[in-house]
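Before any comments, here is the structure.
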Amino acid sequence: MGKEEQLIRFRSITEIHKAFGMPKPKHPLVSLTHFDKDHQLNPDKVPGYDVLSFYKITFILESTGRLKYGQHYYDFEDGGMLFLAPNQLVGSSENSGDTDCYILLLHPDFLYGYPLATRIKQYKYFSYSVNEALHLSNEEKDTILSVYAIIERELKNRIDEFSQEVIIAQIALLLSYVNRFYKRQFITRKAASSDILQRTEAILDDYFNGEQTLRHGIPTVEFLSSQLNVSPGYLSDMLRSLIGKGAKRYIQEKLIEKAKERLSTTQLTVSEIAYGLGFEHSQSFNKLFKTKTLQTPMEFRATFN
């Protein structure tokens, strides 16, 4: 089996350290490793694909080459952060040049009994695609580094009864900063975000105006994100940052807009309109319409007669 076909599941952090020729982690449920020009990860030990049973946060400070992630190469010359949740399939992280990066591995068991165990699942950037990585300013890099320095000191010093609480507090702070920096990225990269917004509207217009609703039903967030080549979580977070609503709500509002247009300009029955918009049952359409407009479709139509 060639390297590109290899698939390995790593169930423990100790296991992945051993497989990659790294020293045994100081703590079995969390590790932070710094790779630089004097301490590079051996690419021969990296499998083609792997599945991790823990969280992985890659913080790239600088890369003189291109980082290979799956089947594609990405330029992270100016640095960035990548996030993976447990049980996600991830491509190899080879590099064609020197890379200065930190890799934080965090097993879910480490968080049991702490609020972060629940809160970490609410951060959607763990499901973003690699091309939706967080790009950091120099000031933001310094902020992340300051948090990593505390985690690194805790792991290098003697582990005691307070270590877990201190490390979890720093990881919670790290993830809060990341959440803030992503929202900043949606704003500072507004040209790209606005382009996605315009394409989103065009795709939905074509969908509702054509016959796709008859064949496929109501458009989903997954359908929309696949058409835009972004992940569902990234799309929703970007729209929420730009226009104050997520992708699902945006789709519903476009649907109601089309429904109002047909109710006011055609003689189609409510059932025909519902079916034409992708609903299997008119009752579901009526319920959504009233929820969004505080009127039934017939009450809305009556205002035009």
Side-chain angles (χ1 to χ4, degrees), residues 13 22 25-27 29-41 52 54-67 69 74-86 88 90 93 95 97-108 110-111 114-117 119-157 163-189 233-234 237-238 241:
I13 293 175
M22 295 156 53
K26 299 290 186 181
H27 193 292
L29 298 179
V30 60
S31 77
L32 178 60
T33 307
H34 184 196
F35 296 102
D36 56 24
K37 64 181 180 180
D38 298 320
H39 180 215
Q40 283 287 311
L41 180 62
L52 310 180
F54 35 85
Y55 294 95
K56 179 183 180 182
I57 300 174
T58 304
F59 173 30
I60 304 168
L61 284 161
E62 186 178 7
S63 177
T64 59
R66 294 179 304 162
L67 188 74
Y69 209 87
Y74 298 89
D75 182 8
F76 284 99
E77 183 177 349
D78 296 327
M81 296 188 77
L82 305 168
F83 305 85
L84 284 168
Q88 287 182 289
V90 54
S93 299
N95 186 60
D98 292 332
T99 298
D100 186 356
C101 73
Y102 287 86
I103 295 180
L104 175 63
L105 302 177
L106 175 66
H107 199 286
F110 188 70
L111 304 177
Y114 289 84
L116 186 59
R119 194 161 71 247
I120 195 171
K121 298 175 183 177
Q122 299 171 357
Y123 290 120
K124 295 180 182 177
Y125 47 75
F126 278 101
S127 63
Y128 287 177
S129 298
V130 66
N131 60 311
E132 299 156 358
L134 175 62
H135 297 270
L136 300 166
S137 67
N138 289 332
E139 183 179 345
E140 289 167 348
K141 286 181 185 177
D142 290 341
T143 298
I144 298 297
L145 278 173
S146 68
V147 177
Y148 272 43
I150 296 174
I151 297 174
E152 197 170 33
R153 283 197 299 269
E154 282 295 318
L155 290 173
K156 283 186 176 180
N157 294 333
S163 296
Q164 183 176 11
E165 185 174 343
V166 171
I167 293 171
I168 288 177
Q170 294 306 309
I171 292 173
L173 178 61
L174 171 71
L175 298 182
S176 293
Y177 274 128
V178 169
N179 206 35
R180 170 190 281 179
F181 297 158
Y182 255 118
K183 291 188 183 301
R184 181 274 309 158
Q185 180 165 301
F186 291 136
I187 296 171
T188 56
R189 297 187 168 215
Y234 188 88
D237 288 346
M238 186 211 67
S241 175

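- Between the CG atom in D100 and the NE2 atom in H34 there is a gap of 3.5 Å [rounded to 0.5 Å].
- Taking the six-membered ring for Trp, Y234 and F186 have ring centres closer than 6.0 Å.
- The number of heavy atoms from other shown groups lying within 6.0 Å of OH (Y177) does not exceed 12.
- You'll find the side chain of F126 reaches within 4.5 Å of the side chain of L175, heavy atoms only.
- For the atom pair L174 CG and I168 CD1, the distance stands at 13.5 Å (nearest 0.5 Å).
- Between the Y102 side chain and the L32 main chain, no donor and acceptor come within less than 3.5 Å of each other.
- Using modelled atom types, no side-chain atom of S241 and backbone atom of M238 make a donor-acceptor pair closer than 3.5 Å.
- In this structure, R180 places its CZ atom where only 12 or fewer heavy-atom neighbours from other residues, nucleotides or ligands lie under 6.0 Å away.
- At least one side-chain heavy atom of I150 sits under 4.5 Å from a side-chain heavy atom of R153.
- Between the Q170 side chain and the A149 main chain, no donor and acceptor come within less than 3.5 Å of each other.
- Taking CD from E132 and NZ from K124, the interatomic distance works out to 13.0 Å, rounded to the nearest 0.5 Å.
- For Y128 and F83, the gap between ring centers reaches or exceeds 6.0 Å.
- Taking every heavy atom of both residues into account, A133 and M81 meet most closely at CB-O, 3.4 Å.
- We find the CD1-CG distance between I57 and L104 to be 5.0 Å, quoted to the nearest 0.5 Å.
- The side chain to side chain contact (heavy atoms under 4.5 Å, CB included) test with L106 singles out one residue from L111, L29, I13, I167, and that residue is L111.
- Between the CG atom of L134 and the CG atom of L136 there is a distance of 4.5 Å, given to the nearest 0.5 Å.
- Nearest heavy-atom pair, F110 versus Q164, reported as atom, atom and distance to 0.1 Å: O-NE2, 2.7 Å.
- Put simply, the residue from F181, Y55, Y182 that forms a ring pair (Phe, Tyr, Trp, His ring centres under 6.0 Å) with Y125 is Y182.
- More than 12 non-hydrogen atoms from other residues, nucleotides or ligands lie less than 6.0 angstrom from CD of Q122.
- Of the inter-residue distances, the one linking K141 atom NZ with H135 atom NE2 reads 11.0 Å to the nearest 0.5 angstrom.
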